[in-house]
J.: 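Below is the structure I would like to discuss, written out as structure tokens.
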Amino acid sequence: MTQYAVPIRPQPTVPVQGSDRPFPVRRILCVGRNYAAHRREMGGDDRDPPFFFSKPADAVVPPGADVPYPSATSDLHHEIELVVAIGEGGSIFGFAVGVDLTRRDLQNGFKAKGQPWDAAKGFDASAPVSAIVPAIGIVPRGRITLGVNGETRQDGQVADMIWSVEEILVEAGKLWKLEAGDLVFTGTPEGVGPLARGDRVEGSVEGVGSLSFRIV
Ligand code: MN
């Protein structure tokens with residue numbers, strides 16, 4: 001057995017509903033500005049197509065765990081998203097509910113300077129996700145919501161995505177070879193906003209499930 005120079009970190013995983021075999025996360029791709037109303041609230045041009053950024057695999061927070069308020073921001077934002085879990089050969093393994101946590105103040109600074117978004121998007125514990133529901137051949141198109149302390153903040157329809165799930169996978173496939181273990185966050189509807197320590201965040205996607213976590 002290979003001996004490594006430093007200890008190997010545990011494989012990040014997400015539970016799979018109805019199975020005792022967890023989903024091993026390989027990497028996390030995210031789509032930006034995939035809902036027109038959110039693109040407008042972010043100051044985007046209506047002609048700008050969606051695009052990709054990424055988070056490290058170990059940014060996932062499994063269901064049930066608290067999310068620590070991250071360092072170096074005073075404007076942590078929620079973005080509720082449908083998540084596609086990729087299976088063998090780049091197929092759709094299943095779907096989950098995820099929140100693309102964002103250091104909005106850092107992101108605005110990076111945008112202004114034309115700098116990369118990594119520290120605004122790919123920080124530790126920036127990707128809480130629900131259990132993965134294995135796909136049954138139906139791609140979710142229904143309601144997507146997020147509430148904070150019982151107050152609805154985001155309430156959209158997956159059907160309003162600019163790139164559909166199928167189109168996202170085609171576009172991603174032009175840039176990367178999707179492999180089993182990849183998670184793809186598909187973008188957020190309008191209504192993003194700030195989170196504070198002590199907030200209870202609850203998200204849902206119709207036909208997929210729900211996610212709940214606390215900011216600590
Ligand atoms: Mn997002």
Side-chain angles (χ1 to χ4, degrees), residues 14 25 27-46 48-61 67 69-70 73 75-86 95-111 115-130 132 140 143-148 152-165 167-169 171-172 175-176 178 182-195 199 201-205 208 210-211 213 215:
V14 178
V25 181
R27 62 183 168 185
I28 303 172
L29 301 176
C30 305
V31 181
R33 297 185 184 166
N34 199 26
Y35 289 79
H38 172 64
R39 181 170 59 187
R40 285 194 292 273
E41 78 179 347
M42 290 289 101
D45 186 304
D46 274 1
D48 289 342
F51 55 89
F52 291 98
F53 59 91
S54 66
K55 296 175 187 260
D58 64 2
V60 288
V61 180
V67 173
Y69 195 96
T73 184
D75 199 19
L76 176 69
H77 270 210
H78 54 77
E79 297 189 357
I80 184 71
E81 312 207 358
L82 169 68
V83 178
V84 185
I86 303 298
F95 296 97
V97 181
V99 177
D100 165 19
L101 290 174
T102 302
R103 286 168 166 148
R104 192 71 73 202
D105 42 3
L106 296 197
Q107 186 195 31
N108 289 339
F110 295 148
K111 280 184 191 172
Q115 292 175 344
W117 287 10
D118 301 58
K121 289 289 197 177
F123 52 92
D124 298 344
S126 59
V129 288
S130 71
I132 293 167
R143 193 173 179 197
I144 178 168
T145 66
L146 181 138
V148 180
T152 301
R153 295 262 193 96
Q154 295 186 264
D155 191 350
Q157 297 286 329
V158 173
D160 288 340
M161 293 199 305
I162 296 167
W163 283 347
S164 67
V165 166
E167 287 168 333
I168 288 167
L169 300 186
E171 294 298 324
L175 299 166
W176 301 276
L178 292 177
D182 291 343
L183 291 178
V184 184
F185 280 58
T186 59
T188 197
E190 73 273 25
V192 301
L195 294 169
D199 281 349
V201 180
E202 291 180 313
S204 70
V205 176
V208 178
S210 59
L211 166 67
F213 60 88
I215 304 288

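Predicted model, so just to flag it, every value in this text is computed and none were measured. One-based numbering, in listed order, for ligands and for the atoms of each. Atom set for the values below is all heavy atoms of this structure, side chains included, hydrogens, waters and symmetry mates excluded.
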J.: Return yes if some donor-acceptor pair links the side-chain N/O of Thr186 with the main-chain N/O of Val184 below 3.5 Å, else return no.
T.: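 Not at all, since once roles are kept as given, no pair shorter than 3.5 Å links the two residues.
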J.: Excluding sequence neighbours, so at least two apart, what forms ring-ring contact (aromatic ring centres under 6.0 Å, His included) with Phe52?
T.: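 Scan of Phe52 (ring-ring contact (aromatic ring centres under 6.0 Å, His included), adjacent residues dropped) gives Trp163, Trp176.
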J.: Ignoring waters, how many N, O or S atoms from the protein are under 2.8 Å from the Mn ion (ligand 1)?
T.: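 Count of protein N, O, S atoms less than 2.8 Å from the Mn ion (ligand 1): 3.
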J.: In this structure, which one of Val129, Val84, Val31 forms a side chain to side chain contact (heavy atoms under 4.5 Å, CB included) with Phe185?
T.: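 It is Val129; the other options fail the test.
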J.: Can you confirm if the NZ or CZ of Arg103 lies within 45° of the ring axis of Phe123 and under 6.0 Å from the centre of its six-membered ring?
T.: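 Positive - Arg103 is close enough to the ring of Phe123 and near enough to its axis.
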J.: Suppose we screen for side chain to side chain contact (heavy atoms under 4.5 Å, CB included). Which residues come up paired with Arg143, at least two apart in sequence or across chains?
T.: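 So Arg143 forms a side chain to side chain contact (heavy atoms under 4.5 Å, CB included) with Thr145, Asp155, Gln157, Glu206.
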J.: Can you name the ring-ring contact (aromatic ring centres under 6.0 Å, His included) partners of Phe53, sequence neighbours left out?
T.: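 With sequence neighbours excluded, Phe53 shows a ring-ring contact (aromatic ring centres under 6.0 Å, His included) to Trp117, given in chain and number order.
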